[in-house]
Amino acid sequence: MEFELAISSQLSNVNIVRSFLDEIFSKFRLDRKYFNRIFLGLSEAVCNCIVHGNALDEEKKVFIKVRYSGGSLLLEIKDEGKGFSFADLSDPTSADNLKKENGRGIFLICQTADDVKFFDGGSKVLIRYKLAE
C-alpha cells in the first residue's frame, strides 16, 4: 500500500508532512521509536525541496510517496526544480563549514537513513528506513 501527499512550497507545510507520517505510523502500527529519526530525514528532504528545488515558489509542489514493505519504510520525495549535483555538495563536517547555518540537510538524511538514492538530476530522492530488528 502506498500513501501520497502533495504540498505547496511553503515551509509551514512541514506540519502537514508530520501529520501525514503520523497517520502512516498509525495505519501500519509501526513502532513509535522510529518516528523521530524518520521524520528528521523526511523533513530535511522536504525542506530542501521547498527551499532549494522549488526556490520557495508557492506555485510549485513537493510530492511525497510512502510505502511500507518488507520491514522497511520507503520514502520518495520529489520537487519541481532543476535538481543538483550530489558531487558538488560541501562536506558539512569540514572545519570551514562547521559554523555555517545551512548545508547539513543531505548529510543528516544520509546519516539517519539506511539507504539514500538521488534520481532525475537530484530532484527526486528515495530514502529507505529499516524498521525490522
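Just so it is clear, the model here is predicted, and its values are computed rather than measured. Side chains included, hydrogens not; waters and symmetry mates left out as well; all remaining heavy atoms used.
Of all the heavy atoms in Ala45 and Ile77, the pair that sits closest is CB-CD1, 4.0 Å. Contact detail for Gln10 and Ile50: the closest heavy-atom pair is O-CD1, 3.5 Å. Considering all non-hydrogen atoms of both residues, Ser123 and Gly81 come closest at CB-O, 3.9 Å. For the pair Ser9 and Val62, the tightest heavy-atom approach, listed with the atom from each and the gap, is OG-CG2, 4.1 Å. Heavy-atom minimum distance, Gly53 versus Asp79: CA-OD2, 3.5 Å. For the residue pair Arg67 and Glu2, the shortest heavy atom distance occurs at NH1-OE2, 3.3 Å.
One N or O on the side chain of Asn54 and one on the backbone of Lys61 form a donor-acceptor pair closer than 3.5 Å.
Phe63 is not listed as a side-chain neighbour of Leu5, based on a closest heavy-atom distance of 4.5 Å or more. In this structure, the side chains of Val116 and Leu126 stay at 4.5 Å or more apart for every pair of heavy atoms. In this structure, Leu42 and Ile127 have side chains that are not in contact, with every pair of non-hydrogen atoms separated by 4.5 Å or more.
Hydrophobic clustering of Ile, Leu, Val, Met, Phe, Trp and Tyr side chains at less than 4.5 Å, counting indirect connections, unites Phe118 with Ile109.
With respect to the salt-bridge test (charged N to carboxylate O, under 4.0 angstrom), the residues Lys78 and Asp120 qualify.
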Verdict with supporting geometry, Asp31 and Phe25, side chain to side chain contact (heavy atoms under 4.5 Å, CB included) = CA-CA 8 Å; Asp31 192 331; Phe25 265 72; over 6 Å; no
How far apart are the C-alpha atoms of Tyr34 and Leu73, what are their side-chain angles, what is the distance that settles it, and do they pass the side chain to side chain contact (heavy atoms under 4.5 Å, CB included) test?
-> CA-CA 10 Å; Tyr34 298 109; Leu73 201 62; over 6 Å; no
Candidate pair Val14 and Arg18, rule side chain to side chain contact (heavy atoms under 4.5 Å, CB included), full reasoning = CA-CA 6 Å; Val14 173; Arg18 183 181 180 85; 5.7 Å; no
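Put simply, CD1 on Ile38 and OG1 on Thr112 are 9.0 Å apart, with the number rounded to the nearest 0.5 Å. Distance check: Asn36 CG to Ser43 OG gives 10.0 Å after rounding to the nearest 0.5 Å. Rounding to the nearest 0.5 Å gives a distance of 6.0 Å between CG of Leu56 and CG of Leu11. Here OH of Tyr129 is found 15.5 Å from OH of Tyr68. Values are rounded to the nearest 0.5 Å. A distance of 8.0 Å separates CD1 in Ile64 from SG in Cys49, rounded to the nearest 0.5 Å. Here the CD1-OG distance, from Ile16 to Ser8, works out to 7.0 Å after rounding to the nearest 0.5 Å.
Taking the six-membered ring for Trp and thresholds of 30 and 60 degrees, Phe28 and Phe3 have ring planes more than 60 degrees apart, a perpendicular arrangement.
Arg32 forms a cation-pi arrangement with Phe35, by the criterion of a distance under 6.0 Å to the ring centre and an angle within 45° of the ring axis.
In this view, Phe39 satisfies the ring pair (Phe, Tyr, Trp, His ring centres under 6.0 Å) rule with no residue, not counting sequence neighbours.
Put simply, the residue from Val125, Val66, Ile24 that forms a side chain to side chain contact (heavy atoms under 4.5 Å, CB included) with Leu75 is Val66.
Within a 6.0 Å radius of CZ in Arg128, more than 12 heavy atoms belonging to other residues, nucleotides or ligands are found.
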